[in-house]
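Quick notes on the structure that follows.
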2 protein chains.
Amino acid sequence: MHPLQALIKKFSPINSNEWELLYEKCTEVTIHKGDFFIKQGRVETRIGFIITGSFRQFYINPSGEELSTYFFFEHNLVSSYISCITGKTSLISIQAIEESTLLVFDYTHLASLFKDYPNWQLFGRKIAEYLLAGIEERMVGLLADNPEERYRKLLASPDKQKILERIPQQYIANYLGITPISLSRIRNRINK
Amino acid sequence: MHPLQALIKKFSPINSNEWELLYEKCTEVTIHKGDFFIKQGRVETRIGFIITGSFRQFYINPSGEELSTYFFFEHNLVSSYISCITGKTSLISIQAIEESTLLVFDYTHLASLFKDYPNWQLFGRKIAEYLLAGIEERMVGLLADNPEERYRKLLASPDKQKILERIPQQYIANYLGITPISLSRIRNRINK
DNA sequence: GTAATTTCTTAACAATTGTTAATTCAACAG
DNA sequence: CTGTTGAATTAACAATTGTTAAGAAATTAC
């Protein structure tokens, strides 16, 4: 089974016919390290499934600082879902951290499947819920934990190894809401 | 026009017939200061429109700390929307800060309107988007700003006066992710 | 392969926060 | 009205973070 199909099945019991309706509209895209899949300020309707590689999602705030909000690795979806559903310009950028390949389809096609296929509509709702739940958990962590605790939780997460080995420190630091210098000190403290 | 109807019209162009379909199912409820409208750990399907009063939304984390995530005042909706759409137990509690009156309806009734009335379905989608956008903005603030900046932004928000006059400091403090003591110092610093 | 650039680490200092504890102030019940 | 409880402020100290700057390490470009 295609890994994207397997992912979708975790959310909704699509059958192989329904799967083909999406798969036939997919195209494979290569994104070089440092290049952007989604750009802040553009209307972005593409959704990408990561076959290989990694990405970071980040905001640029009015002061010009970059704030990494998520990291994504192979066999996950990347998109500006808010831009897809609202049709407004994206608030976030998504940039390749490594040389990456994506399977890309358009939200407008997915939305057309919502209308005719209850299983696809179910998938759409579950994805929205998944995003909402994820962002809530992130917010609670930022409210409740201090930087060191946030780093410890990152060390306890399933993506620990991928993040530590494949994401530069500076991005991990602003993911945690601290400076790279402070992260360096925390790492030093913990390794003693 | 009823204030709830006015709020809904900001999201979707419902007509007066469609409005009546919801309004006839509403009941008025009084909630005493300190009492709960939504309780963490229960499946909560009710949605309340605040006629008068104020509420705070908060988590209790595994350590037993309360983390205020939002404040709500008159003419706003309160609910555990995630519990409504997932049917799972609520992750948050919503407690009355003042003696309050609510106009209450059930999500299951709203969901039945989604099926038959495109304007109501549009309303449902817009509400979900509104929540997602709101929580993203909150997360960015927590990542990008230090406590004093977060308090300054609160002072610049439209709800400034309501929050300062009607919400106890301790709740404002854990809304900002700091201790009441630290908030007291920040207030002291700014007033000089 | 080497130079140039960027990233990461370490240090020192200033500023901020958390913690504990005492005091003042406000709210509430009887 | 009064006593009790809880909330907010202030102080002192320890711990943490941000900042500036310098040097080491790693990466990138040519």
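Here is the naming used below: chain letters follow the sequence lines, and residue numbers restart at 1 for every chain. The model shown is predicted, which means the values in this text are computed figures rather than measured ones. Computed from heavy atoms alone, side chains included, the values below leave out hydrogens, waters and symmetry copies.
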Self-check item: Selection from D:dT17, D:dT28, D:dT9 that lies nearest to any side-chain heavy atom of A:K33
Solution: D:dT28
Practice problem: Decide if the gap between the ring center of B:F11 and the ring center of B:Y130 is smaller than 6.0 angstrom. | Solution: yes
Quiz item: Atom CZ of B:R56 and atom C1' of D:dA7: how far apart are they, to the nearest Å?
Solution: 14 Å
Quiz item: Quick one: do A:K153 and A:E137 make a salt bridge, cutoff under 4.0 Å?
Solution: no
Quiz item: Tell me: CZ of A:R187 to P of D:dT16, nearest whole Å?
Solution: 18 Å
Quiz item: Whole-Å distance between D:dG18 C1' and A:N146 CG?
Solution: 16 Å
Quiz item: Where the side chain of B:R189 is concerned, which of D:dT9, C:dT16, D:dG18 is the nearest nucleotide?
Solution: C:dT16
Quiz item: Starting at the 5' end of DNA chain D and moving along, which residue's nearest nucleotide shows up first, A:G177 or B:I167?
Solution: B:I167
Exercise. For A:E149 and D:dT17, give me the distance from atom CD to atom P, rounded to whole Å.
Key: 10 Å
Under 3.5 Å, which protein N or O atoms sit close to an N or O of nucleotides 10-15 of chain D? Give each pair with its distance.
residue: D:dT10; atom: OP2; partner: B:N188; partner atom: ND2; Å: 2.4
residue: D:dA12; atom: N6; partner: B:R185; partner atom: NH1; Å: 3.3

Quiz item: To the side chain of A:E148, which of D:dT16, C:dC8, D:dT9 is closest?
Solution: D:dT16
Practice problem: Nearest whole angstrom, please: distance from the P of D:dA8 to the CG of B:N174. | Solution: 11 Å
Quiz item: Honestly curious: do B:I190 and B:I163 fall in one hydrophobic cluster under the side-chain, below-4.5 Å linking rule?
Solution: yes
Quiz item: Rounded to whole angstrom units, what separation is found between the CG atom of B:L183 and the C1' atom of C:dG18?
Solution: 14 Å
Quiz item: Does NZ or CZ of B:R138 lie under 6.0 Å from the centre of the six-membered ring of B:Y175, at an angle within 45° of the ring axis?
Solution: yes
Quiz item: Taking the side chain of A:I178 as its heavy atoms from C-beta onward, which of C:dT19, D:dT9, D:dG18 lies nearest to it?
Solution: D:dG18
Quiz item: Does a salt bridge link A:E74 with A:R166, judged by any charged N lying under 4.0 Å from a carboxylate O?
Solution: yes
Quiz item: Can you find a side chain N or O atom of B:Q170 that sits less than 4.0 Å from OP1 or OP2 on D:dA7?
Solution: yes
Quiz item: Which whole-number value in Å describes the distance from B:R150 CZ to C:dT16 C1'?
Solution: 12 Å
Quiz prompt | Side chains of A:I38 and A:V78 in contact at under 4.5 Å (non-hydrogen atoms) | solution = no
Quiz item: Looking just at side-chain N and O atoms, do A:D106 and A:T108 make a donor-acceptor pair shorter than 3.5 Å?
Solution: yes
Quiz item: Whole-Å distance between D:dT28 C1' and A:H32 NE2?
Solution: 16 Å
